[in-house]
Amino acid sequence: MTATLNSTPTLPANDADPFGAEVLEDPLPLHAALREAGPVVHLTRYDVYAFARYEQVHAALVDWQGFQSAAGVGLSNFRYEEPWRPPSLLLEADPPRHDAPRRVLSRVLGPRALRRLREGWLADAEELVEQVLGGGEEFDAVSALAQAFPLRVFPDAVGIPQEGRENLLPYGDHAFNAFGPSNDLVAEGAPRVAELSAWVDAQCARDVLTDDGFGAQIWAASDRGDITPEQAPLVVRSLLTAGVDTTVHGLSAVLYAFATAAAAHPQQWDRLREQPSLARVAFDEAVRWESPVQTFFRTATCDVRVGEHVVPEGRKILMFLGAANRDPRRWADPDSFDLSRDPSGHVGFGMGIHQCVGQHVARLEAEALLTALARRVDRIELAGPTRRHHNNTLRAWESIPVRVRLGRR
Ligand code: OVM
């Protein structure tokens with residue numbers, strides 16, 4: 001390794017803590033510094049490599065042979081360290097083992113399967129919006145909408161019982177913290193991990209799930225032999241881990257974007273009101289702009305050449321999805337939330353074989369909520385100071401106080 005490094009130019013280094021409170025509060029300065037430093041940077045604090053430019057993040061995401069997931073997509077290297085829970089069959093697996101669970105879940109969550117849910121979710125969103133607006137023209141967009149809507153539709157769609165649903169957000173929050181170092185955020189979650197994990201695992205059993213939800217369809221796939229009966233509960237677990245917090249923060253992001261549009265993104269809400277079919281573009285643009293999932297790691301499976309540098313075999317690489325999604329080398333005016341741009345190609349859902357399998361679910365939730373809101377509200381703006389929620393992986397809001405003005409019916 002020394003010989004390799006000596007024969008190549010010095011790797012740019014950065015000693016910032018990407019999981020420290022200061023960066024989590026505002027990651028944009030670090031992102032800019034890492035992109036500027038070069039195509040690959042050494043993060044000295046954790047002795048890992050970093051990609052922050054779109055080109056390298058995209059290339060690593062699509063090269064699953066060179067950049068594996070089975071050693072874990074967090075800082076912890078499963079080659080040497082025991083994972084905090086049995087690894088995900090999807091997220092923390094490589095082909096060929098990854099492929100059967102992925103095929104099953106892709107079908108369960110695919111556009112065809114979601115058609116069955118569409119009418120009901122559109123009606124649920126209208127009902128929720130009606131109820132929230134009935135409570136007054138000022139409310140917290142995070143709790144009242146971004147959390148309330150996914151919690152209203154998603155657990156029912158999976159088919160879990162009512163009891164204990166308040167565990168979903170804390171469990172997901174911990175799971176996403178666990179991809180980072182074992183810092184204060186992980187320590188704060190630690191006392192409840194056993195209890196939350198036991199509850200989540202219990203919801204994955206066949207006899208606990210309704211007979212018509214995503215969970216039942218995963219179990220039915222094991223009856224057909226598409227996956228094994230041992231795999232079925234772990235695939236259900238992926239839904240309960242990755243399916244709630246992510247959509248909550250994605251919805252928060254798009255609501256924040258519109259609420260701040262008066263200052264930074266003029267006329268975006270008016271455009272959505274005139275053309276509700278923009279709801280899906282708006283959501284994808286918000287996922288690009290905010291990147292609710294900020295980072296994932298990969299592990300090099302061989303010495304990988306990056307420009308004039310080499311990432312040695314077995315080493316972890318931190319991919320900054322959020323930085324790639326605002327790389328000026330790829331995006332014009334990257335910091336603006338702009339409904340007239342084409343956000344496709346963003347890496348907020350990842351890219352390649354691991355690209356978010358739930359993205360159609362997320363888009364349907366966003367479409368339902370945004371169209372319901374746009375039908376009733378003709379102006380949305382901040383009504384007070386916002387507060388971030390810190391998580392080692394997620395870019396999140398704790399609170400977005402908004403004021404709305406009701407429009408014509
Ligand atoms: C999983 C999973 C997938 C994506 C993200 C994630 C906690 C988990 O399969 O459990 O974050």
Side-chain angles (χ1 to χ4, degrees), residues 19 61 64 67-76 78 83-95 97-109 150 154-155 158 160 167-182 185-186 189-190 192-193 196-204 214-215 218 221 227 230-250 287 291-298 318-319 321-322 347-362 365 389-396:
F19 307 101
L61 285 168
W64 56 267
F67 297 90
Q68 67 163 177
S69 292
V73 297
L75 177 61
S76 170
F78 294 177
W84 68 281
R85 59 174 197 170
S88 164
L89 301 182
L90 292 127
L91 183 73
E92 296 158 330
D94 298 318
R97 284 153 48 99
H98 161 268
D99 300 338
R102 171 74 191 205
R103 249 192 313 273
V104 165
L105 200 53
S106 303
R107 205 172 329 117
V108 170
L109 302 179
F154 187 73
V158 176
I160 63 169
N167 293 328
L168 286 167
L169 284 171
Y171 180 80
D173 194 53
H174 182 78
F176 279 97
N177 273 328
F179 295 123
S182 42
L185 294 169
V186 172
R192 294 198 65 201
V193 175
L196 295 171
S197 295
W199 179 82
V200 165
D201 292 347
Q203 311 313 305
C204 300
F214 298 147
I218 290 164
I227 53 174
E230 290 73 32
Q231 291 177 314
L234 277 171
V235 176
V236 179
R237 193 193 67 178
S238 285
L239 287 181
L240 298 179
T241 310
V244 188
D245 300 66
T246 47
T247 52
V248 167
H249 301 315
V287 172
S291 302
V293 175
Q294 286 275 292
T295 48
F296 270 132
F297 288 85
R298 291 290 189 262
L318 183 52
M319 304 180 300
L321 308 178
V347 290
F349 286 127
M351 197 55 76
I353 65 166
H354 291 283
Q355 191 181 40
C356 179
V357 74
Q359 59 184 285
H360 307 288
V361 180
E365 288 182 23
H389 171 77
H390 290 190
N391 180 284
N392 283 335
T393 303
L394 301 169
R395 187 143 165 77

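Counting convention: from 1, in listed order, for ligands and their atoms alike. Just so it is clear, the model here is predicted, and its values are computed rather than measured.
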Out of curiosity, Q294 CD to L321 CG, how far, rounded to the nearest 0.5 Å? 8.0 Å

What does the 4.0 Å heavy-atom contact list look like for ligand 1? R85, S88, L91, A175, F176, F179, S238, T241, A242

Those residues that, when tested against F214, pass ring pair (Phe, Tyr, Trp, His ring centres under 6.0 Å) (two or more places apart): none

Could you tell me whether the side chain of V73 reaches within less than 4.5 Å of the side chain of F67, counting heavy atoms only? no

Check: F154 and V248 side chains under 4.5 Å, non-hydrogen atoms: no

Residues passing the side chain to side chain contact (heavy atoms under 4.5 Å, CB included) test with S182, sequence neighbours excluded, are V186

Return the set of residues passing ring pair (Phe, Tyr, Trp, His ring centres under 6.0 Å) with H389 (not counting sequence neighbours), or none when no residue passes. none

